Amino acid sequence: MIAEIKNLNQHAGQTVTVRGWLYQKRSSGKVRFAVMRDGTGYLQGVLAQGTGSDAAFSVFEQLTQESSFTMTGIVREEKRAPGGYEMTVTDLGVIQIAGEYPITPKEHGPSFLMDNRHLWLRSSRQHAIMRVRNEIVMAIRQFFYDRGFILIDTPILTGAIGETATTLFETEYFDLGKAYLAQTGQLYVEAAAMAHGKVYCFGPTFRAEKSKTRKHLNEFWMIEPEVAFNDSEANMQLQEDLICYIVTRVLERSRAEFTVLERDTSKLELVKPPFPRLSYDDAIARLRRAGMTIEWGNDFGAPDEEKLMEEYDRPLFVFNWPTECKAFYMKRDPNRPDTVLCDDLLAPEGYGELVGGSQREDDLELLRERIREHKLPLESYEWYLDLRRYGSVPHAGFGLGLERTVAWICGLDHVRETIPFARTLGRLYP
RNA sequence: UGGGGAGUGGCCUAGUGGUAAGGCAACCGGCUGUUAACCGGUCGAUCGCAGGUUCGAAUCCUGCCUCCCCAGCCA
């Protein structure tokens, strides 16, 4: 019978076959140990004189690190084994003998590991990160599904649209001139919200910025909900609910991975509602009192962000930012026209901005004015303006960066490990 | 793009003017309970590239390349 390692507790005392890759082998005189990984777990097979066939001994000698093989034997409970079970091996079968494997159990530098990313994914730590990422993605989809949101897939190839024109990847699009890889699905999801009420998109986004920091990728995945009739207040509530749902769910389901990652989960246990909220005005006052030199009207620098978060052990909302440093589609606060109804959600432990959200400008004339102020081509936005011509309603939404969320939850020091194949400045391989 | 740091066998590190050292991996041998096993042995480097200083350069100087960290941009 074929079995997966994670299910071996159901096969104690039985003879089964597992299939996988050689993680490590050792021998002590006549007793041989082969540790297999099959993607679901690790299993040590014990090969001893009298229990294993001669053929099995000969296969054992051939096996190299990461060789693929099958292992047949009796599953045995074993207190000394990390997974609680061990196998008394009767037979081994070669699938392929691996050449000398570049990644050894010792330390390696980041560029070597990224060059070997296709193999690095097999390492226990990377394996754990991808499992947490999967769990986070599933939590997000479940959260929105349960709340009646409709998934809307927005285009990746777009015309001249988005926030600014300088950060887009370009390509030729038949006879229609330039196309750009989407840096957000937001404008499209606004259209869909007028059809379905509550929608979200979840896809890759592309930014051609030459940023080289632990928080930036040139290709990353973003979750962008958009809700008709929501104001900025309801928008923040939705963000808080989503983050709490994700954290609760990974704490329930990713314990084993957090152990591998040595993540201090007590930090995550603190992530409970309500999240603290600070207006931009108050945040500036607080930063200046703390000795920072920031002026009203400026965006926060990384040091400002860190300073501000020193006092918080859970995510912090900073809301209602100056109009001048935010995007054209954000709605102005009627009581404070120099600010817009928006928020940034900052993660604790120095992970920076997880979410950027806002209530959208729903007035046709004001929106048109702002497009002009930002020197954007009006004709490209006609369809977007139509949303304000035909039954415009207040609405709000936000963008959650998946990789930053994974980095924070896993406690990683760089987002490049949160995505299977990171696209960063100077990295297109593998 | 700016500031800082680093390039030494397949990998990780030591060596800062006198002719390259250790660990891991690989290979050979030993051990009937190993688990980053251990013990003995073997293999393997024109020290990022190009020039210069010097009797002599991995080491000092100049230029270039690459990578890492920090900043800006943002999610």
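The basis for the numbers below is simple: all heavy atoms, side chains too, and nothing from hydrogens, waters or symmetry mates. The structure presented is a predicted model; accordingly, all values stated were derived computationally and were not measured. To find a chain, count down the sequence lines: A is the first, B the second, and so on, and within it residues start at 1.
Contacts of A/Ala302 with the nucleic acid, taken as non-hydrogen atoms under 4.0 Å apart, involve only primed sugar atoms and P, OP1 or OP2. Within 4.0 Å of A/Gln24, counting heavy atoms only, lie sugar-phosphate atoms of the nucleic acid but no base atom. Within the nucleic acid shown, A/Leu400 has no heavy atom closer than 4.0 Å to any nucleic acid atom. Using a 4.0 Å heavy-atom cutoff across all strands shown, A/Arg32 reaches no nucleic acid atom at all. Among the protein residues, A/Thr405 comes within range of no part of the nucleic acid, since none of its heavy atoms lies under 4.0 Å from any strand. The residue A/Gly352 sits apart from the nucleic acid: no heavy atom pair falls under 4.0 Å.
When all heavy atoms are compared, the tightest approach of A/Arg263 to A/Ile409 is NE-O, 2.9 Å. When all heavy atoms of A/Arg332 and A/Pro337 are compared, the pair lying nearest together is CD-O, 3.3 Å.
A donor-acceptor contact under 3.5 angstrom links the side-chain atoms of A/Gln44 to the base of B/U34. In terms of polar N and O atoms assigned as donor or acceptor, the side chain of A/His216 comes within less than 3.5 Å of the base of B/C74 in a complementary pairing. Contact annotation: side chain of A/Thr167 to base of B/C74, donor-acceptor pair absent below 3.5 Å. For B/C67, the base has no donor-acceptor partner in the side chain of A/Arg427 [N/O atoms by modelled type, under 3.5 angstrom].
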- Dot-bracket line, read 5' to 3' along RNA chain B, where crossing pairs take [ ] and | marks a partner on another strand, Watson-Crick or G-U under 3.5 Å: ((((((((.[[[[.)..(..]]]].(((((.......))))).....[[[[[..)....]]]]])))))))....
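Picking from B/A75, B/C12, B/U34 the nucleotide with the shortest atom distance to the side chain of A/Phe112 gives B/C12. The side chain of A/Lys212 sits closest to B/C70 out of B/C70, B/G33, B/C67. Comparing atom distances between the A/His108 side chain and each of B/A37, B/C11, B/A75 picks out B/C11 as nearest. In the set B/G72, B/C74, B/U35, the nucleotide with an atom closest to the side chain of A/Ser211 is B/G72.
A salt bridge does not link A/Glu257 to A/Arg131: none of the charged side-chain nitrogens sits closer than 4.0 Å to a carboxylate oxygen. One finds no salt bridge joining A/Lys267 and A/Asp313 here, because no Lys/Arg side-chain nitrogen approaches an Asp/Glu carboxylate oxygen to under 4.0 Å.
Between A/Glu66 atom CD and B/G10 atom C1' there is a gap of 16 Å when expressed in whole angstrom units.
Aromatic stacking of A/Tyr101 on B/A25: not satisfied for centres closer than 5.5 Å together with planes under 30 degrees.
A sub-4.0 Å separation between OP1 or OP2 of B/C70 and a side-chain N or O of A/Arg214 is present.
A cation-pi arrangement, defined by a distance under 6.0 Å to the six-membered ring centre and an angle within 45 degrees of its axis, is present between A/Lys25 and A/Phe60.
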